[in-house]
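Start at 1 and go down the list; that is how both ligands and their atoms are numbered. The model shown is predicted, which means the values in this text are computed figures rather than measured ones. The analysis underlying the following values was restricted to heavy atoms, covering all of them including side chains, and did not include hydrogens, waters or symmetry mates.
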Amino acid sequence: MDHQQKTDLTTNDQPKEIGTPLNSDRRKFLNSAALVGLAGVTLSAGLASCKKSDSGASGSAGSEDHYGKYEVAPGKLDDYYMFSSGGHSGDVRIYGLPSGRTLKQIPVFNTECMIGWGITNESKAIIGTKADGHVKYNTGDTHHVHGTYTDGTYDSKYLFVNDKIHGRIARLRMDTMECDKITELPNIQGFHGIFPDKRDPVDAKINHTTRVFCGSEFHIPQPNDGRDMHDPKKYGALFTCVDAETMAVKWQCKVDGNMDLVATSYDGKLACSNQYNVENGAHYEDMMSSERDACVFFNVARIEAAIKAGKSFTIGDSKVPVVDGRVSANKDPKTSLTCYVPVPKNPHGVNISPDGKYYACSGKLSPTATLIEHALVLKWFDGELKDPRDTVVAEPEIGLGPLHTGFDGRGNAYTTLFLDSQIVKWNLDAAIKSFKGDKDAKVVIDRIDVHYQPGHGFTSMGETKEADGKFFISDNKFSKDRLLPVGPLHPEVAQLIDITGEKMKMAGEHTTWPEPHDAIIVRRDRVKTRQIYNLDDFPLAVKDPKQCRVERKGGNKVTVYLTSQAPTIGLREFTVKRGDEVTIILTNLDKVEDLTHGFAIPKYNINFVVNPQETKSVTFKADKPGVYWCYCTHFCHALHLEMRSRMLVEK
Ligand code: K7E
Ligand code: CUA
Ligand code: CA
């Protein structure tokens, strides 16, 4: 079937489903609806040129026995962790795979009242506050979560996640699975792609993550202080490098175009980002006016050498050194900081294969994936290749709306097709042969329907050199008729696909609260957590119930020192005066794993938990006289309900 003859994609014949309740009419509707917003633009021609001659979807579903194989019985542990972004929920989630069980939600950029994130002084200090003590932002949009690497695989140290809304990067400690630092990036907007490096570009001894790279999707006036507002040609976008340990911004590189996803090489030499707006357009029709955009490669060592040599500038109030990575400033490949490889058209995801050889760029508005060879990009930087486009070694047509690619470590790629609602499995070597003219090369190996409209797709350990080719997750953007209706806001669906065989097999499905974008699937032995805290890690810790007291430090500043130990709070009652600024410091002295206590104060908008051996604090104004029962919110003991203390606020 050749789409070239078709003007209406709604007639797109969908392969027959086996054993899955697909409502094909609704899916067709979405296919066309997704395109309506893009109508009237040359793009539909590009999309329509996709050949789907290779195969129909296998969609192998199977019997109930087949699904039983992937079940995880009560009390049994999953084989994998999945660390997922939460989208505009602003958080990060942890799931177990293959079960799909939700294990944890980690508040990051959002405010969360169970943990007390955005409520305790410690979390506010991480998020950042305004002069009045309130958090600076309580919204966030997390898209991409990636872990630190040692020797090309996860080392269980940190996770990094972006906030697209306010341009912040957050770090999560993997031992506690909590956020410990947030940094706001200067002079950027729409921070989207993020990826840690995997080793140092120069020092071979540094075989672990020391930098995190951040792409900015929106171009803005620089600085964005009211100048150049009506002249988008003067807007700019910056690629940012953050120190993984200090979380300070190391440098920025000014580019042409906007940056979408980010990937890094296994040898530490290159970072890259797909760009869908090399046109520098301010409106979408301008952003789609060019047939090709680019994947821009950053030569990390050269950028850092240029900064050392003082070839940098600063923007506005920011002290961060900025280098010029635009085409006009980088004419000679031998000294160039950047390499812009042309790829069709408004590309989205870019992913590196586990052998470190190829970058797969997804066409999004082109039915193609573009394969760029790492060694050839290095060759271009050495001045040995004339045209950046010569680094492209394959460009197979794989289907409509390709977004993201995962790898199985056996030479195959799995790309999400947003418009086709499919995952396509294709072979890298065959794609390269076909690009060289081999007509017999069978590029596309299999297709499977997913429900519906997949965004990210990723494989187990697939972003490490330990890719194991067991599972693929399709994070689908629409669930429509898949689940019991729960009102207009639908949950989303993650589908688990078994990729061990030649054909993909649907293995399971679980719901997710909107809206996960990306995730990584990490083998469980690659994750090391701690089960209780260390009392000494907290300078404020109240180490003995006998230290519980109320301390007035002159004026109206009062500190209340408290401990929790099931089933008591260190003071049965404590008294403060109306108008006092009260700080409560609470240490959980229980040492038993899983014995968390909560602490809530009615009418004072206070609620948080303290885990075993952890200390937290809150500060508030005692502006309402009366009796307030502070109580434990987290079920901890047979006398949990009795676990309370009275706060007496005198008139
Ligand atoms: Cu494709 Cu932000 Cu990774 Cu969403 S992005 S899907
Ligand atoms: Cu302590 Cu409930
Ligand atoms: Ca474009």
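Contacts with ligand 1 closer than 4.0 Å are made by side-chain heavy atoms of L261 only, the backbone lying farther away.
The Ca ion (ligand 3) has an N, O or S atom of N346 under 3.0 Å away, backbone or side chain. Atom 1 (Cu) of ligand 1 has an N, O or S atom of H404 closer than 2.8 Å. At a threshold of 3.0 Å, the Ca ion (ligand 3) has a backbone or side-chain N, O or S atom of M287 nearer than that distance. Under 2.8 Å from atom 3 (Cu) of ligand 1 lies no N/O/S atom of H143, from backbone or side chain alike. The Ca ion (ligand 3) lies under 3.0 Å from an N, O or S atom belonging to Y276. Between atom 1 (Cu) of ligand 1 and H348 there is an N/O/S contact shorter than 2.8 Å. Checking H456 against atom 3 (Cu) of ligand 1, an N/O/S atom falls under the 2.8 Å cut-off.
Under the 6.0 Å cut-off for aromatic ring centres, F472 and F458 do not qualify, their centroids lying 6.0 Å or more apart. Two rings, from H146 and F160, have their centers 6.0 Å or more apart. Aromatic rings from Y533 and F538 are positioned such that their centres are separated by under 6.0 Å. Aromatic pair H634/H597: centroids not less than 6.0 angstrom apart.
From H637, atom NE2 reaches atom CG of D590 across 8.5 Å, with rounding to the nearest 0.5 Å.
Not a single heavy atom of K164 sits closer than 4.0 Å to an atom of ligand 1.
In this structure, K603 fails the cation-pi test against Y628, since its NZ or CZ atom is not both closer than 6.0 Å to the six-membered ring centre and inside 45 degrees of the ring normal. Under the 6.0 Å distance and 45° angle rule, K164 does not count as a cation-pi partner of F191. Cation-pi contact between R644 and Y631: absent, since separation from the ring centre below 6.0 Å together with deviation from the ring axis within 45° is not met.
The nearest N/O/S atom of H144 to atom 3 (Cu) of ligand 1 is NE2.
Set against the non-hydrogen atoms of K477, the atoms of ligand 1 under 4.0 Å away are 4 (Cu), 6 (S).
One finds an angle of 120° at the Ca ion (ligand 3) between OE1 on E279 and OD2 on D293, to the nearest 10 degrees.
Summary of contacts: the protein heavy atom closest to atom 4 (Cu) of ligand 1 is H517 ND1, 2.0 Å.
For K345 and E291, the salt-bridge test passes: some basic side-chain N is under 4.0 Å from an acidic carboxylate O.
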